[in-house]
Amino acid sequence: MGGGIVGERRQLSNVAYRLLGSLAEAEDAVQEAYARWYALPDPRRDEIANPGAWLTTVTGRVCLDVLGSARARRERYVGAWLPDPLPGRAGRPHGTSGDPADQLVLDESVTMAFLVVLETMTPAERVAFVLHDVFRYPFAEIAGVLDRTPAACKQLAASARRRVRTGAPAPAGGQAETVRRVKEAWEAKDIASLVDLLDPAAVMTADGGGLAGAALRPVEGATRIARYMAGIAEKAPGLELLERPVNGTPGLVARRAGTVLTVAAFGLAADGRVARIWVVRNPEKLRVWAGDGAPSPR
């Protein structure tokens, strides 16, 4: 049974990251679930028919508590708070390192656009929606996590689903080409080309966490964003821009002297222009990118 319990870690890590948007908090939640499992008396553990379901329930409850306290913490956060960006793992066998990020499955439920919408939900909505719609847990089990009736959990998931329909753009085709053109225009400091690539109502949100320079409020409008990007390029000689997958979709990484300083994710409008840019500069959120020294994949 011990090996089976350890084998649940990958699934629990995937659940916790989607619930919390933070690699460190997700890892802590999973560790806490295991600590509670091993703290059970042997006879109690033997009574549990499905240890994986038990661990998922406990992880969900821990995440629910974290989400409740996170709102207050994020109100004190310097500037905008964005979820931790995940690197792609081209050429690296899945799940072979001890890094928690290597346990995560990159699909549409971890795109930055999707995670940002999850942040708009109440903690209970987020738990009900992620467990049911993403991981297909039945509402009878989710009821045990939220301490509500299955019918109430179903209503929470439906409310969350409406938020997703109105807030999360569907992944658009051609994103890699658009991101490449943004990179080229940014490197050339070509404001006119950048404006053409951006939706007129585009919004750029940056997360520096008070530890790295970043706009404290969203930058709105294609022209303002283009000028802001060009200004950064002027002030940052020696910065190297790389095309990299970010949370499973094409993005950009800015690196200087081998150190990743910025990770940018993009959301496209229906016409293929960039509607949203999420820029993470908080170094605490970029630790998982430290090994990004390989040539850009082609």
Side-chain angles (χ1 to χ4, degrees), residues 80 82-91 101 104 106-117 167-207 214-215 218-234 236 239-256 259-282 285-286 288-289 291-298:
L82 290 173
D84 291 2
L86 296 177
R89 292 179 292 278
L104 300 181
L106 300 177
D107 60 21
E108 290 183 12
S109 68
V110 295
T111 65
M112 191 63 73
F114 193 82
L115 291 174
V116 167
V117 173
Q175 180 156 328
E177 177 59 28
T178 299
V179 169
R180 182 168 298 127
R181 290 170 65 195
V182 168
K183 172 183 178 287
E184 291 167 353
W186 194 91
E187 288 173 326
K189 307 180 190 67
D190 186 342
I191 291 177
S193 292
L194 282 170
V195 170
D196 286 343
L197 292 165
L198 296 166
D199 184 88
V203 179
M204 183 181 74
T205 305
D207 176 346
V219 181
E220 301 179 357
T223 302
R224 288 186 65 201
I225 294 171
R227 287 176 177 159
Y228 183 89
M229 291 173 71
I232 292 173
E234 288 283 357
L239 206 60
E240 179 187 18
L241 272 184
L242 306 168
E243 297 168 46
R244 290 286 189 270
V246 179
N247 289 62
T249 61
L252 292 177
V253 168
R255 194 173 65 178
R256 180 190 283 135
T259 299
V260 172
L261 301 177
T262 304
V263 172
F266 298 83
L268 269 54
D271 65 0
R273 288 193 284 185
V274 175
R276 292 297 306 264
I277 307 175
W278 297 282
V279 178
V280 180
R281 302 205 68 233
N282 183 341
K285 298 187 177 189
L286 300 180
V288 72
W289 293 80
D292 189 69
S296 187
R298 281 305 232 235

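- Distance alone, capped at 3.5 Å, is enough to place a donor-acceptor pair between the Trp289 side chain and the Pro85 backbone.
- Evaluation of the salt bridge (Lys or Arg N to Asp or Glu O under 4.0 Å) rule for Glu177 yields Arg180 as partners, not counting sequence neighbours.
- Contact annotation: the side chain of Thr178 never approaches that of Arg273 to less than 4.5 Å [non-hydrogen atoms, C-beta and beyond].
- Around CZ of Arg227, the count of heavy atoms belonging to other residues, nucleotides or ligands within 6.0 Å does not exceed 12.
- A 4.5 Å side-chain heavy-atom check between Glu108 and Phe114 finds every atom pair outside the cut-off.
- Atoms CG and CG, on Asn247 and Leu86 in that order, are 4.5 Å from each other to the nearest 0.5 Å.
- To the nearest 0.5 angstrom, Glu184 atom CD is 7.5 Å from Glu243 atom CD.
- Of the residues listed (Val253, Leu241, Leu252, Val279), the one engaging Thr262 in a side chain to side chain contact (heavy atoms under 4.5 Å, CB included) is Val279, and it is the only one.
- With values rounded to the nearest 0.5 angstrom, Arg276 atom CZ is found 12.5 Å from Leu268 atom CG.
- To the nearest 0.5 Å, atom CG of residue Asp84 and atom CG of residue Leu104 are 10.5 Å apart.
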Pairs of donor and acceptor atoms involving the side chains of residues 193-203, under 3.5 Å and at least two apart or interchain, shall be tabulated with distances.
unit_1 : atom_1 : unit_2 : atom_2 : d
Ser193 : OG     : Asp190 : OD1    : 3.4
Ser193 : OG     : Asp190 : OD2    : 2.7
Asp199 : OD2    : Ala201 : N      : 2.9

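- Under the 3.5 Å distance criterion, the side-chain polar atoms of Tyr228 are left unmatched by any main-chain donor or acceptor of Met204.
- For Asp207, the salt bridge (Lys or Arg N to Asp or Glu O under 4.0 Å) test picks out Lys285, with sequence neighbours left out.
- The side-chain heavy atoms of Trp186 and Leu239, taken from C-beta on, include a pair separated by under 4.5 Å.
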